[in-house]
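Inspection log for the structure reproduced underneath, given as structure tokens.
Counting starts at 1 for both ligands and their atoms, in listed order.
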Amino acid sequence: MRNDKAAASSVRSVTVLGATGSIGDSTMDLLRASPERYRVEALTAHSNVAALAKLAREFRACFVAVADASKLDDLRDALAGTDTESGAGESAVVEAAARSADWVMAAVSGAAGLKPALAAVERGATIALANKECLVSAGDLFMQRAAAAKACILPADSEHNALFQALASGNRSELTRVIITASGGPFRTWAAADIEQATLAQALKHPNWSMGQKITIDSASMMNKGLEVIEASYLFALSPDEIDVLVHPQSIVHGMVEFADYSVMAQLGTPDMRTPIAHCLGWPERIPGRAAPLDLAKIGQLTFELPDFARFPGLRLAYDALRAGNGATTIYNAANEVAVAAFIGEKIRFGAIAGIVEATMNAMVRDGAARAPASVEDVLAIDHNARNTAATLLPQIALKAS
Ligand code: NDP
Ligand code: MG
């Protein structure tokens, strides 16, 4: 860990994986506000060449990469007249992560972010981890690699960033449990039968947060909270019994840590990802934020309720996956990615998402796939099998009467 103040005060080279997404946008906004503190090494996207090239020009990036190999010519054209080097394909995104930036934002969406995130981990970088799916997919292996390479993992997900900040108030041995909050999403008060039939447009209407499409659907199903329970377990070495979820519709308290004396330390802020990202970007110092300051008098009330595991089975399945073993969380994530893509493609109803995840977990855990993966290749193989199993199960679950 680079925690001496002198190092943190000098110009920091940064790489943003997933620069054209919602987290990427918030990160670039913070970098834009302090050009004297940051130099951009590399930026990546999947296929949005126009947005990537625009950022490359603005920030004078040394290297940019798109994952979609067919876009290389477009990217080169869009960068004409600049000094920015470019590449395309999965390996080019990994190359971007491997370049020597001090600080890397891992904000690719989905398990596709695993290889690039590991490339940054292997060279011992400081990594702001937004891409929860890569951690859920790789599990302990990711954290073991980070420890071996002396990489510093800073949680950028708002709840985990809150826990990271609150944990500084005590020792790990004094912790009794952590609580992560959930907004409850657009279907918090809906009856189960209505959630089952919810449309794509309804699922994309998040009450508090503005985010990418996949995580917005995950928030509506509460699979996002499930992924976050697993993320908290791996990040902070917590058992499932030490992680509670509270529904908090105002999204002001992001996470809390309870210690042995029952003191509860919480982190609060307006629902704006620029606050946890600023914490990661400045760490171990504090830098000026870009979100609106918190005005509790104006908000008036903060409320909390227990999550409903019956209406949101995706959350229950996350605890089941954690208890089943590392491989089961890889399966949970992969099956959910398949189900969400099918829902976005309007091939299945909303209620089938959790059904597909559960059926995939049942089928594969029964076959012994929950054991901890021994290598990254193992993780990728389990992920691959889970995607195939989910795709095979999808038609019969989609047809089941709701
Ligand atoms: P977006 O969909 O808005 O952005 C995803 C980014 O990743 C884009 O730059 C996209 O490029 C790129 N990308 C997508 N697929 C691939 C791929 N296969 N290979 C390489 N790059 C790819 O997502 P978000 O910014 O919302 O989320 C990013 C991650 O952060 C997710 O893991 C999410 O769970 C997590 N997160 C997000 C929060 C939020 O508020 N948005 C909050 C907490 C965590 P292109 O633009 O070309 O498609
Ligand atoms: Mg979150």
Side-chain angles (χ1 to χ4, degrees), residues 15-29 42-55 64-71 74-75 78 87-97 105-117 119 127-137 155-164 180-183 185 204 206 208-219 222-232 235 245 248 251 253-255 267 269 271-277 280 291 333 336-337 340-341 344:
T15 283
V16 183
L17 307 172
T20 52
S22 167
I23 292 286
D25 193 47
S26 296
T27 308
M28 301 320 284
D29 183 69
L43 301 172
T44 76
H46 177 256
S47 51
N48 191 345
V49 165
L52 186 65
K54 190 161 180 263
L55 289 172
V64 296
V66 276
D68 182 345
S70 71
K71 301 275 178 183
D74 293 350
L75 184 59
E90 244 188 57
S91 59
V93 177
V94 171
E95 185 189 336
M105 166 52 78
V108 169
S109 173
L114 177 58
K115 280 190 198 163
I127 297 142
L129 190 71
N131 179 207
K132 66 195 85 181
E133 295 95 337
C134 81
L135 183 59
V136 170
S137 191
D157 205 350
S158 56
E159 298 77 2
H160 307 76
N161 184 266
L163 298 182
F164 182 73
I180 58 175
T181 60
S183 70
L204 285 174
H206 197 280
N208 304 345
W209 297 93
S210 153
M211 310 180 284
Q213 201 175 37
K214 197 256 174 183
I215 184 176
T216 305
I217 305 291
D218 285 346
S219 299
M222 290 195 77
M223 284 284 182
N224 181 51
K225 216 43 60 181
L227 291 167
E228 291 184 353
V229 166
I230 300 169
E231 183 186 11
L235 273 174
V245 173
H248 166 46
S251 297
V253 179
H254 302 298
Q267 185 263 356
D272 186 324
M273 285 306 293
R274 288 175 299 181
T275 299
I277 297 170
C280 295
N333 177 67
N336 182 52
E337 287 195 32
V340 170
I344 291 173

ask   = Which ligand 1 atoms, with their elements, are less than 4.0 angstrom from a heavy-atom of A19?
value =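 Within the 4.0 Å cut-off of A19, ligand 1 contributes 9 (O).
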task = Could you list the atoms of ligand 1 found under 4.0 angstrom from a heavy atom of N48?
result =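 Heavy-atom distances to N48 below 4.0 Å select 46 (O), 47 (O).
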State whether the side chain of [X] and the backbone N or O of [Y] hold a donor-acceptor pair below 3.5 Å, judged by distance alone.
{"X": "E337", "Y": "A111", "value": "yes"}
{"X": "N161", "Y": "A156", "value": "no"}
{"X": "T181", "Y": "G255", "value": "no"}
{"X": "H206", "Y": "M211", "value": "no"}

Which option wins on minimum heavy-atom distance to [atom]: [options]?
{"atom": "atom 29 (C) of ligand 1", "options": "V108, V49, I215, N224", "result": "V108"}
{"atom": "atom 8 (C) of ligand 1", "options": "T20, D157, L129", "result": "T20"}
{"atom": "atom 6 (C) of ligand 1", "options": "A45, A92, S219, A107", "result": "A107"}
{"atom": "atom 47 (O) of ligand 1", "options": "P116, G212, S47, S109", "result": "S47"}

Among protein heavy atoms, which sits nearest to [atom], and what does the distance come to when rounded to 0.1 Å?
{"atom": "atom 20 (C) of ligand 1", "answer": "A67 CB, 3.5 Å"}
{"atom": "atom 4 (O) of ligand 1", "answer": "G21 CA, 3.1 Å"}
{"atom": "atom 3 (O) of ligand 1", "answer": "S22 N, 2.9 Å"}
{"atom": "atom 14 (C) of ligand 1", "answer": "H46 CB, 3.7 Å"}
{"atom": "atom 18 (N) of ligand 1", "answer": "A112 CB, 3.3 Å"}
{"atom": "atom 35 (C) of ligand 1", "answer": "A130 O, 3.1 Å"}

What's the spacing between [X] [atom1] and [Y] [atom2] if we round to 0.5 Å?
{"X": "H160", "Y": "Q267", "atom1": "NE2", "atom2": "CD", "answer": "12.5 Å"}
{"X": "K214", "Y": "E133", "atom1": "NZ", "atom2": "CD", "answer": "3.5 Å"}
{"X": "I180", "Y": "L163", "atom1": "CD1", "atom2": "CG", "answer": "7.0 Å"}
{"X": "M105", "Y": "C280", "atom1": "CE", "atom2": "SG", "answer": "6.0 Å"}
{"X": "N336", "Y": "L227", "atom1": "CG", "atom2": "CG", "answer": "6.0 Å"}

Counting heavy atoms only, which part of [X] comes closer than 4.0 Å to ligand 1: side chain, backbone, both or neither?
{"X": "K132", "answer": "both"}
{"X": "M211", "answer": "both"}
{"X": "S158", "answer": "neither"}
{"X": "I23", "answer": "both"}

ask   = Looking only at N/O atoms, are E133 and ligand 1 under 3.5 Å apart anywhere?
value =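 Yes; at least one N/O pair falls below 3.5 Å.
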inquiry  = Side chain or backbone, does N131 bring an N or O within less than 3.5 Å of an N or O on ligand 1?
reply    =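 Min N/O separation from ligand 1 is below 3.5 Å for N131.
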Quick one, [X] and [Y] - any side-chain contact, counting heavy atoms below 4.5 Å?
{"X": "L129", "Y": "C134", "value": "yes"}
{"X": "V66", "Y": "T44", "value": "no"}
{"X": "W209", "Y": "S251", "value": "yes"}

query = Hey, mind stepping through T20 and N48 against side chain to side chain donor-acceptor pair (under 3.5 Å) and telling me if it holds?
reply = CA-CA 7 Å; T20 52; N48 191 345; 5.0 Å; no
ask   = When you check the space around the Mg ion (ligand 2), which protein N, O or S atoms turn up under 2.8 Å?
value =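 Short answer, with waters excluded from the count: D157 OD1, E159 OE1, E228 OE2.
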task = Answer yes if the side chains of N333 and K132 hold a donor-acceptor pair under 3.5 Å, and no otherwise.
result =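 The answer is no; no qualifying pair exists.
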message = Side chains of D68 and S47: any donor to acceptor distance under 3.5 Å?
response =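 Result is no, nothing qualifies.
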